[in-house]
A.B. asks: 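Submitted below is the structure of interest, expressed as structure tokens.
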Amino acid sequence: MSYGLLTKQYTKFSEEVKQGLFQSFIKHTKANVEQYYQQKKEEAKASDLKIGYKAPDFTLSATEDYSFFNLYTSNSEIIVLDFWGSWCSPCISGFPKMKEYYNKYQDKALFVGIACNDTKDAWLKAIKKHELPWTHVINSTKNGKNVAALYKVSQYPTKVILDKDKNVLGIYVGETEDFYKKLDTLLK
């Protein structure tokens, strides 16, 4: 059943059905429906995410003592957002090159890894296992703000380069040399 049809049908269920044998299934499905529609709203808002446009602000949980990272409080000249997942083999295979560029430009740019479609455990284990020294946050669809949807990320890894005013300088899907060439051009 489509989410749209399910939402319409759910409102017709009696309280007895809503509280009956399938209660947990219905609640879980209803939460997925709400998440689906929230993501669609965020995707519509993100339609203007293009080079030269202002990037949307976000706040996500970070690894450092489970504090928070807010994009707009950063005053780095260049900001790299790397959307990845512990389950994503192209993301993992790209880590050595990312480490090389982090070591090369860590004084000139802020690197932020944004784990998507991950559990907190898998995310933290991947950071430790692959010894990833830059700032890391985890995307959450539970807080009502799916940053991956907001940035129109549909493939992993996706890297976004921003300037100090949070304007988009580049969007790179997959592991691509163009991303590293752009960093060299901006930071040398």
Side-chain angles (χ1 to χ4, degrees), residues 3 31-92 94-95 98 101-102 106 109-128 130 132-176 178-179 182-183 186:
Y3 284 142
N32 284 344
V33 168
E34 290 166 357
Q35 180 180 330
Y36 170 80
Y37 283 115
Q38 179 65 31
Q39 182 169 338
K40 288 296 179 193
K41 283 183 198 172
E42 290 171 359
E43 286 173 359
K45 284 192 277 183
S47 63
D48 289 338
L49 185 67
K50 297 176 185 151
I51 293 173
Y53 284 56
K54 184 141 326 256
D57 191 16
F58 63 85
T59 301
L60 292 173
S61 295
T63 54
E64 295 80 22
D65 298 324
Y66 305 104
S67 61
F68 292 90
F69 171 83
N70 175 263
L71 177 64
Y72 274 45
T73 59
S74 168
N75 49 6
S76 295
E77 289 295 314
I78 297 293
I79 303 164
V80 173
L81 304 178
D82 178 24
F83 292 87
W84 69 284
S86 65
W87 45 267
C88 168
S89 57
C91 301
I92 304 301
F95 285 155
M98 276 292 282
Y101 271 72
Y102 171 78
Q106 65 182 311
L110 173 66
F111 288 71
V112 181
I114 303 172
C116 300
N117 304 319
D118 252 320
T119 64
K120 188 182 281 188
D121 260 0
W123 167 56
L124 293 173
K125 284 178 186 174
I127 292 167
K128 186 175 181 175
H130 300 288
L132 308 176
W134 50 89
T135 299
H136 286 276
V137 297
I138 188 164
N139 187 38
S140 175
T141 56
K142 293 179 183 174
N143 66 6
K145 191 164 215 174
N146 181 343
V147 176
L150 197 59
Y151 277 74
K152 289 264 197 198
V153 174
S154 60
Q155 294 179 335
Y156 298 91
T158 293
K159 295 173 176 57
V160 179
I161 302 175
L162 309 174
D163 67 13
K164 67 180 176 182
D165 297 319
K166 313 316 180 266
N167 295 311
V168 178
L169 300 177
I171 303 168
Y172 304 89
V173 178
E175 269 308 305
T176 171
D178 291 341
F179 165 73
K182 182 70 169 185
L183 281 183
L186 291 169

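One-based numbering along the sequence shown.
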A.B. asks: With distance as the sole test, does K152 use its side chain to make a donor-acceptor pair with the main-chain N or O of K50 at under 3.5 Å?
C.D. replies: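 No, the answer is negative, given that no donor and acceptor are paired below the 3.5 Å cut-off.
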A.B. asks: Could you tell me whether a side-chain N or O of T119 sits under 3.5 Å from a main-chain N or O of A122, the two making a donor and an acceptor?
C.D. replies: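 Yes, because the side chain of T119 sits within donor-acceptor range (under 3.5 Å) of the backbone of A122.
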A.B. asks: What are the two closest non-hydrogen atoms of L162 and A55, and how far apart are they?
C.D. replies: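 That would be CD2-CB, 3.6 Å.
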A.B. asks: Checking side-chain contact (heavy atoms from CB on, under 4.5 Å) between T135 and each of T63, L110, I114, which is the one that passes?
C.D. replies: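 It is L110; the other options fail the test.
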A.B. asks: Write down the atom of F179, the atom of M98, and the distance for their closest heavy-atom approach.
C.D. replies: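 Here F179 and M98 meet closest at CE2-SD, 3.8 Å.
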A.B. asks: Give the C-alpha distance, both sets of side-chain angles, the deciding distance and a yes or no for side-chain contact (heavy atoms from CB on, under 4.5 Å) between N139 and N146.
C.D. replies: CA-CA 6 Å; N139 187 38; N146 181 343; 2.8 Å; yes
A.B. asks: If you round to the nearest 0.5 Å, how far is NZ of K182 from OG1 of T176?
C.D. replies: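 Reported value, rounded in 0.5 Å steps: 12.5 Å.
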A.B. asks: Closest heavy-atom contact between I161 and L186?
C.D. replies: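 Shortest heavy-atom separation between I161 and L186 comes out as CG2-CD1, 3.8 Å.
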A.B. asks: Can you measure from NZ (K166) to CG (L71) and round to the nearest 0.5 angstrom?
C.D. replies: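 Going from NZ on K166 over to CG on L71, the span is 6.0 Å.
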A.B. asks: Hey, could you give me the CD/CD1 distance between E175 and I92, rounded to the nearest 0.5 Å?
C.D. replies: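 One gets 10.5 Å once the value is rounded to the nearest 0.5 Å.
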A.B. asks: If the plane angle is over 60° it's perpendicular, under 30° parallel, otherwise tilted; pick one for F58 and Y151.
C.D. replies: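 Rings of F58 and Y151: perpendicular, as their planes differ by over 60°.
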A.B. asks: Just wondering, do P157 and F83 contact through their side chains at under 4.5 Å, heavy atoms?
C.D. replies: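 The answer is no, as the side chains (C-beta and beyond) never meet within the 4.5 Å cut-off.
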A.B. asks: Nearest 0.5 Å please: distance from the CG atom of L81 over to the OH atom of Y172.
C.D. replies: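 The OH atom of Y172 is 13.0 Å from CG of L81, to the nearest 0.5 Å.
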A.B. asks: Search all heavy atoms of W123 against all heavy atoms of A115 and return the closest pair with its distance.
C.D. replies: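 Shortest heavy-atom separation between W123 and A115 comes out as CD1-CB, 3.2 Å.
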A.B. asks: With no hydrogens and no angle check, is any side-chain donor or acceptor of T158 less than 3.5 Å from a backbone partner on Q155?
C.D. replies: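 Flag set: sc T158 to bb Q155 pair under 3.5 Å.
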A.B. asks: Distance check, rounded to the nearest 0.5 Å: L132 atom CG versus Y102 atom OH?
C.D. replies: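 These two atoms lie 10.5 Å from each other.
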A.B. asks: Search all heavy atoms of V112 against all heavy atoms of F69 and return the closest pair with its distance.
C.D. replies: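 The pair with the smallest heavy-atom distance is CG2-CZ, 3.7 Å.
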A.B. asks: Would W84 and C116 count as a side-chain contact (heavy atoms from CB on, under 4.5 Å) here? Give the steps.
C.D. replies: CA-CA 6 Å; W84 69 284; C116 300; over 6 Å; no
A.B. asks: Indicate yes or no for a side-chain donor-acceptor contact from D165 to the backbone of N167 under 3.5 Å, with no hydrogens or angles considered.
C.D. replies: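 It does not hold such a pair.
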A.B. asks: Mind checking the OG-CG spacing from S76 to D163? Nearest 0.5 Å is all I need.
C.D. replies: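 S76 atom OG to D163 atom CG measures 11.5 Å (nearest 0.5 Å).
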A.B. asks: Using the six-membered ring wherever Trp is involved, compare the ring planes of W87 and Y156 and label them parallel, tilted or perpendicular (cut-offs 30° and 60°).
C.D. replies: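 Judged by the thresholds at 30° and 60°, the geometry between W87 and Y156 is perpendicular.
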